[in-house]
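Just the heavy atoms: all of them, side chains too, but no hydrogens, waters or symmetry mates, feed the values below. Quick note on labels: first sequence line is chain A, next is B, and so on, each numbered from 1.
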Amino acid sequence: MLDIRVVRDDLDKVKQALATRGVEAAVLDDLMRIDQQARTASTKRDELRAEINSISKEIAKLMRSGEVDSANTLREKSRAVGDELSQWESKASNLEAERRDSLLKIPNVPSEDTPIGESEADNVILRWWSPETGMHSGPEIELPPYSEHQRKPHWEIGGELGILDLERAAKISGSMFPMFRGLGATMERALSYFALDAHSDAFEEIRPPTLVRTATMVSTGHLPKFEEDAYRLERDDLYAIPTAEVPLTSLAKDEILKEEDLPVRLTAYTSCFRREAGSAGRDTRGLLRLHEFDKVEILAYTTPDQAGEMHAELLSRAESLLQRLGLTYRVLDLCTSDLGNSSKRTFDLECYSPGTGLWLEVSSVSWFGDYQARRANIRFRSSETNQIEFVHTLNGSALAWARIWAVIVETYRQSDGSILIPDVLRGYMRNIERIPSK
RNA sequence: GGAGAGGUGCCAGAGUGGUCGAAUGGGUCUCACUGCUAAUGAGUUGACCUGGGAAACCGGGUCCGAGGGUUCAAAUCCCUCCCUCUCCGCCA
């Protein structure tokens with residue numbers, strides 16, 4: 001959430017910045033009105049409490065010296081103040097709760113570098129890479145010449161080779177749940193091993209819980225605004241995580257870290273669960289959009305000064321995996337209207353799927369500033385000033401496997417219908433070179 | 001799931017209604033002393049909200065797992081919940 005003090009002090013600037021992502025100025029005016037009332041009420045409440053505190057001390061003194069009558073007179077007085085106090089207490093706590101609710105729903109202020117835009121069409125293509133042509137900057141993309149046998153969509157390939165069984169997955173769980181089989185399942189597993197090993201030079205590997213408390217979902221910004229998108233286990237009041245970002249961010253919840261321990265780098269492989277409530281009927285074929293998928297996430301806590309460099313590091317790690325897998329991709333700088341709620345700046349990586357002709361989002365690398373840290377209350381003590389500050393959080397997918405799986409089987413499909421396994425995965429797949437055709 | 005014990009500051013740990021933001025010990029940092037290290041002595045050391053101040057800082061409030069309640073007054077009494085530990089049951 002935003003720092004209420006920054007909103008107070010720089011109201012116009014905040015309004016202007018949030019307008020670029022479609023937040024109306026009235027929302028902030030309301031917040032300021034509530035804030036003013038809340039502060040008035042809590043000041044009044046604190047004054048009354050101070051009065052009762054001092055009367056109570058008086059009473060204690062009188063009791064000790066045996067002046068019971070005077071003590072009783074003061075008791076009466078204190079009780080009367082107490083009646084007034086309870087009104088202000090409830091007024092103040094209602095207003096404070098209202099202020100917090102409002103603050104929790106206001107998105108982050110975009111970074112100054114985030115391109116301003118009104119739809120995803122305004123996202124900026126920064127660069128693109130393919131194994132044939134290497135890295136190119138700018139939005140003009142020349143796709144490598146794909147052969148006819150690479151133009152088959154992955155769901156057809158998967159069915160044909162018996163490595164993807166969406167029909168039976170639907171029987172078990174419903175549509176938009178995947179089931180990999182045989183070497184298809186092995187390859188999906190290999191991808192995670194490959195990625196976790198690739199980050200092991202600098203990142204601590206975590207296997208977090210995938211069912212989390214409400215507070216954990218609030219910390220990352222997934223609640224209260226996006227309740228509809230999450231799977232909830234009502235009986236136990238738990239949510240299924242939509243990404244490992246959720247448990248990894250809350251790992252340090254309510255902690256004060258030492259500056260010398262920063263940056264903290266974490267990586268985790270988990271399943272991710274998404275209701276996809278708003279997207280019924282869109283991209284429903286194959287593995288394009290799923291209720292459950294596996295992903296390796298990389299995440300960092302940094303000082304504000306380290307954040308920029310870390311953002312670049314996370315992005316380059318995600319890109320490097322794609323390059324090692326030999327997949328054509330492009331890097332998008334998301335514009336203000338396409339930016340995630342909690343993010344200040346996000347780069348998306350999209351892989352080209354020759355079988356469908358679509359660019360598929362396979363990673364999203366974001367810098368959240370202190371927005372999540374404020375919600376999760378993650379701080380650090382500066383070693384120079386000894387002051388306590390909020391950390392910055394950053395994270396990225398590296399990578400989301402279902403879509404990568406789809407792009408691999410399409411890209412690596414041979415003219416005989418078999419699939420060549422990317423070199424970097426073979427070590428994790430019993431050194432098998434290809435998934436044979438049927 | 002059942003029975004019991006417990007959750008206090010950076011850590012350990014005392015505190016069963018007022019003088020308790022909290023003894024004591026350890027750690028931290030500062031100073032003194034010692035040729036160095038060590039030891040010793042003195043001091044220091046919480047977070048959050050809010051008002052004032054350029055700031056240092058000063059005032060008020062809150063916080064002893066969380067939320068309610070009793071009381072003039074709650075770490076302390078009552079209720080609910082969460083968590084940890086021990087035993088029993090169940091179980092991959």
**Item:** Close side-chain approach of P110(A) to R345(A), heavy-atom, < 4.5 Å
**Value:** no
**Asked** Are L266(A) and E205(A) close enough that some pair of their side-chain heavy atoms sits under 4.5 Å apart?
**Response**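 When only atoms from C-beta onward are counted, E205(A) and L266(A) do not touch, as no gap falls below 4.5 Å.
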**Prompt:** Are R99(A) and D35(A) ion-paired here, with the side-chain N under 4.0 Å from a carboxylate O?
**Reply:**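 Salt bridge present between R99(A) and D35(A).
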**Message:** Regarding R274(A) and E292(A), does a basic nitrogen lie under 4.0 Å from an acidic carboxylate oxygen?
**Reply:** no
Euclidean distance for [atom1], [N] against [M] (whole angstrom):
N	M	atom1	value
U24(B)	C79(B)	C1'	34 Å
A92(B)	A3(B)	C1'	25 Å
G9(B)	G46(B)	C1'	6 Å
G21(B)	A32(B)	P	35 Å
U71(B)	U76(B)	C1'	13 Å
G53(B)	C58(B)	C1'	9 Å
G13(B)	G26(B)	P	16 Å
G17(B)	G89(B)	C1'	41 Å

Distance in angstrom units between [X] [atom1] and [N] [atom2], rounded:
X	N	atom1	atom2	result
K57(A)	A74(B)	NZ	P	12 Å
R99(A)	U50(B)	CZ	P	6 Å
K258(A)	U28(B)	NZ	P	12 Å
D83(A)	C72(B)	CG	P	10 Å
I52(A)	G18(B)	CD1	C1'	15 Å
L74(A)	G18(B)	CG	P	19 Å
M1(A)	C49(B)	CE	P	10 Å
I256(A)	C11(B)	CD1	P	11 Å

**Asked** Of R5(A) and E76(A), whose nearest nucleotide on RNA chain B comes first from the 5' end?
**Response**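 Final value for this comparison: R5(A).
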**Message:** Judged by each residue's nearest nucleotide on RNA chain B, which is more toward the 5′ side, R75(A) or I388(A)?
**Reply:**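 Closest to the 5' end, via its nearest nucleotide, is I388(A).
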**Fill in**
d(L2(A) CG, L18(A) CG) to nearest 0.5 Å is 6.0 Å
**Asked** Got a second to check how far S271(A)'s OG is from F293(A)'s CZ, nearest 0.5 Å?
**Response** 9.5 Å
Please work out if [X] contacts a base, only the sugar-phosphate, or nothing of the nucleic acid, heavy-atom cut-off 4.0 Å.
X	answer
I55(A)	nothing
R100(A)	nothing
S78(A)	sugar-phosphate

**From U50(B), A47(B), U19(B), nucleotide with atom closest to R64(A) side chain** =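 Given the options U50(B), A47(B), U19(B), the side chain of R64(A) is closest to U19(B).
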**Prompt:** Going 5' to 3' along nucleotides 54-63 of chain B, which nucleotides have protein heavy atoms under 4.0 Å from the base (write B), which only from the sugar-phosphate (write S), and which from neither (write -)?
**Reply:** ------BSS-
Between side-chain atoms of residues 19-26 of chain A and protein atoms elsewhere (two or more places apart, or another chain), which donor-acceptor pairs fall under 3.5 Å?
residue	atom	partner	partner atom	Å
T20(A)	OG1	A17(A)	O	2.6
R21(A)	NE	N108(A)	O	3.2
R21(A)	NH2	G340(A)	O	2.9
R21(A)	NH2	S343(A)	O	3.2

**Item:** Over 12 non-hydrogen atoms of neighbours within 6.0 angstrom of NZ in K61(A)
**Value:** no
**Message:** For the aromatic rings, using the six-membered ring if either is Trp, is the centroid distance between H311(A) and F347(A) under 6.0 Å?
**Reply:** yes
**Request:** May I ask you to check whether F180(A) and W405(A) place their ring centers less than 6.0 Å from one another?
**Result:** yes
**Asked** Between Y371(A) and R374(A), is there a cation-pi geometry (under 6.0 Å to ring centre, at most 45° from the normal)?
**Response** no
**Consecutive-pair stems (3 or more, Watson-Crick or G-U, under 3.5 Å) for RNA chain B** =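 Only these stems qualify: B:1-7 with B:82-88, B:10-12 with B:24-26, B:29-32 with B:40-43, B:46-52 with B:57-63, B:65-69 with B:77-81.
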